[in-house]
Enquirer: 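If you scroll down you'll find the structure; I have some questions about it.
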Amino acid sequence: VTTTKLRQEKWARTLLATGSILPWQEAVITAQVQGLRIAEVKVSLGDHVKQGQVLATLDNGVGSVARRGRVQGRIVAPDAGIISAAEATVGTMPRPGVELFRLIRQGRLEWHPELTAEELMELHRGMTVTVRLGEGREVKGWVRAVSPAVDPKTRYGLALVSLQDSRGIVAGAFARGTFDIRGGGQPVEALPQTAVMQRGNETFVLVVDADGHVHECPVVTGQHLGGRVRIRKGLKPAEQVVERGGAFLTEGDVVQVVKK
């Protein structure tokens, strides 16, 4: 058989979650005066606009051609961003308060994962996050806010994750993400997964002593990562453990250790 020993490694403790990509803030843009018609619409869906840029012009729509062409009002962007909805139509007379445009402020999008109360308590502002989109793209982010309560019906609450670069991402897209709970990793002692066996509720490894005899050694395991298992308790660092094929051995068998 081949043997292995406990190896100290640094593992990041992570938390996985899913959720939607949504605008950081959306501004609803309406007409502020009554009795004027939309003379010209200057922007369309998906356009990038600057703060104060004219989105549409208004006139009263009566009188001579010269007077009808005279601009009597303007609808402007309250902030820089991306037009996410455009309902304004030339010739209509919008009522005050009726939505004409919707603007994703500053073009910023966020990831809104849903988490349980226990998971939310693991998070804090500024924690780093890796968000994965459907086409394989990864975007770095950080926790901007954590919900102080969960929905009593669903038992889930939201974390708000700011994205470092949201260019090219569509609002409403589904994404998966990983929170770095430990912030870089924690030292653990681990074995290959093939060396750890299960029988009923008992987890054990096979230790080979100096005479080549095999002995069962109960262990307490923890996190699994990349084909390795964290060993929390039960094994000494210097002990030689059967790496694979332990299912064919029993207590007291004599084996020959082969060097790798």
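This one's a predicted model, so the numbers in the text were calculated from it and none came from an experiment.
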Enquirer: Is it true that atom CD of Gln256 has more than 12 heavy atoms of other residues, nucleotides or ligands lying nearer than 6.0 Å?
Expert: no

Enquirer: Which atoms form the tightest heavy-atom contact between Val139 and Gln164, and what is the distance?
Expert: CG1-N, 4.2 Å

Enquirer: Give the minimum heavy-atom separation between Pro192 and Thr4, together with the two atoms involved.
Expert: CD-CG2, 3.8 Å

Enquirer: Is the backbone of Trp24 close enough, under 3.5 Å, to the side chain of Arg108 for a donor and an acceptor to pair up by distance?
Expert: no

Enquirer: With a sphere of 6.0 Å drawn around CZ of Phe248, does it hold more than 12 non-hydrogen atoms of other residues, nucleotides or ligands?
Expert: no

Enquirer: Please report the closest heavy-atom contact between Leu123 and Ala159, naming both atoms and the distance.
Expert: CD1-CB, 3.9 Å

Enquirer: Would you call Leu100 and Ile38 a side-chain contact if the rule is heavy atoms closer than 4.5 Å?
Expert: yes

Enquirer: Verify the cluster assignment for Val255 and Met197: are they in a single hydrophobic cluster under the rule of side-chain heavy atoms below 4.5 Å apart?
Expert: yes

Enquirer: Applying salt bridge (Lys or Arg N to Asp or Glu O under 4.0 Å), can you list everything that pairs with Arg74, at least two apart in sequence or on another chain?
Expert: none

Enquirer: Checking Glu243 now: which residues fulfil side-chain hydrogen bond (donor to acceptor under 3.5 Å, both in side chains) with it, not counting sequence neighbours?
Expert: Lys260

Enquirer: Can you find a heavy atom in the side chain of Val150 that is under 4.5 Å from one in the side chain of Glu119?
Expert: no

Enquirer: Can you list the residues that meet the salt bridge (Lys or Arg N to Asp or Glu O under 4.0 Å) rule with Arg132, with sequence neighbours excluded?
Expert: Glu138

Enquirer: Minimum heavy-atom separation for Leu55 and Val49, please, with both atom names.
Expert: CD2-CG1, 4.1 Å

Enquirer: Nearest 0.5 Å, please: how far is OG1 in Thr2 from CD in Gln240?
Expert: 10.5 Å

Enquirer: What do the steps show when you test Val129 against Asp180 for side chain to side chain contact (heavy atoms under 4.5 Å, CB included), and what is the final call?
Expert: CA-CA 6 Å; Val129 185; Asp180 183 2; over 6 Å; no

Enquirer: Are the side chains of Leu58 and Gln72 in contact, using a 4.5 Å heavy-atom criterion?
Expert: no

Enquirer: Can you check whether Val161 reaches Phe179 side chain to side chain, under 4.5 Å on heavy atoms?
Expert: yes

Enquirer: Restricting to side-chain hydrogen bond (donor to acceptor under 3.5 Å, both in side chains), what partner residues turn up for Gln8, sequence neighbours left out?
Expert: none

Enquirer: Mind checking whether Leu103 and Ile83 have side chains closer than 4.5 Å, heavy atoms only?
Expert: yes

Enquirer: Please identify each residue that fulfils salt bridge (Lys or Arg N to Asp or Glu O under 4.0 Å) with Arg102, with sequence neighbours left out.
Expert: Glu26, Glu99

Enquirer: Report the distance from atom NZ of Lys5 to atom CG of Leu191, rounding to the nearest 0.5 Å.
Expert: 11.5 Å

Enquirer: Membership question, hydrophobic clusters at under 4.5 Å side-chain separation (ILVMFWY): are Val241 and Val229 in the same one?
Expert: yes

Enquirer: Which heavy-atom pair separates Ala175 from Leu133 by the least distance, and what is that distance?
Expert: CB-CD2, 3.9 Å

Enquirer: After noting the C-alpha distance and the side-chain angles of Asp59 and Arg37, does the key distance pass the side chain to side chain contact (heavy atoms under 4.5 Å, CB included) rule?
Expert: CA-CA 6 Å; Asp59 66 22; Arg37 74 179 184 101; 2.9 Å; yes

Enquirer: According to the salt bridge (Lys or Arg N to Asp or Glu O under 4.0 Å) rule, which pairs have a member within residues 77-88, sequence neighbours left out?
Expert: Asp79-Arg105

Enquirer: When clusters are formed by joining ILVMFWY residues with side-chain heavy atoms under 4.5 Å apart, either directly or through shared neighbours, do Leu115 and Met127 land in the same one?
Expert: yes

Enquirer: Using the test ring-ring contact (aromatic ring centres under 6.0 Å, His included), find all partners of Phe101 that sit at least two apart in sequence or belong to another chain.
Expert: none

Enquirer: Kindly compute the distance separating CZ (Arg244) from CD (Gln193), expressed to the nearest 0.5 Å.
Expert: 11.0 Å

Enquirer: Could you list the residues that satisfy side-chain hydrogen bond (donor to acceptor under 3.5 Å, both in side chains) with Gln32, not counting sequence neighbours?
Expert: Thr30

Enquirer: Answer yes or no: is there a side-chain heavy-atom contact under 4.5 Å between Leu249 and Val1?
Expert: yes

Enquirer: Side-chain contact test, heavy atoms from C-beta onward, threshold under 4.5 Å: evaluate it for His112 versus Leu160 and give yes or no.
Expert: yes

Enquirer: Can you run down the side chain to side chain donor-acceptor pair (under 3.5 Å) pairs that involve residues 142-162, sequence neighbours left out, and say none if there aren't any?
Expert: Glu110-Arg144

Enquirer: If I take atom CD from residue Glu9 and atom CD from residue Glu189, how far apart are they, to the nearest 0.5 angstrom?
Expert: 10.0 Å

Enquirer: Are Val196 and Val208 connected in a single hydrophobic cluster, I mean Ile/Leu/Val/Met/Phe/Trp/Tyr linked by side-chain heavy atoms less than 4.5 Å apart?
Expert: no

Enquirer: How long is the span from the OG1 atom in Thr221 to the CG atom in Leu235, to the nearest 0.5 Å?
Expert: 12.0 Å

Enquirer: Drop me the distance from Thr14's OG1 to Glu122's CD, to the nearest 0.5 angstrom.
Expert: 11.0 Å

Enquirer: State, with a plain yes or no, whether a side-chain heavy atom of Val205 is found less than 4.5 Å away from one of Glu239.
Expert: no

Enquirer: Please list all pairs meeting salt bridge (Lys or Arg N to Asp or Glu O under 4.0 Å) that have one or both residues in residues 208-221, counting only residues at least two apart or in different chains.
Expert: Arg199-Glu216

Enquirer: Honestly curious: do Val28 and Ile75 fall in one hydrophobic cluster under the side-chain, below-4.5 Å linking rule?
Expert: no

Enquirer: Taking salt bridge (Lys or Arg N to Asp or Glu O under 4.0 Å) as the test, write out the residues that go with Lys42, two or more places apart.
Expert: Glu40

Enquirer: How far apart are the closest heavy atoms of Leu206 and Gly246, and which atoms are they?
Expert: CD1-O, 3.5 Å

Enquirer: Using the test side chain to side chain contact (heavy atoms under 4.5 Å, CB included), find all partners of Ser166 that sit at least two apart in sequence or belong to another chain.
Expert: Leu109, Leu163, Ile169

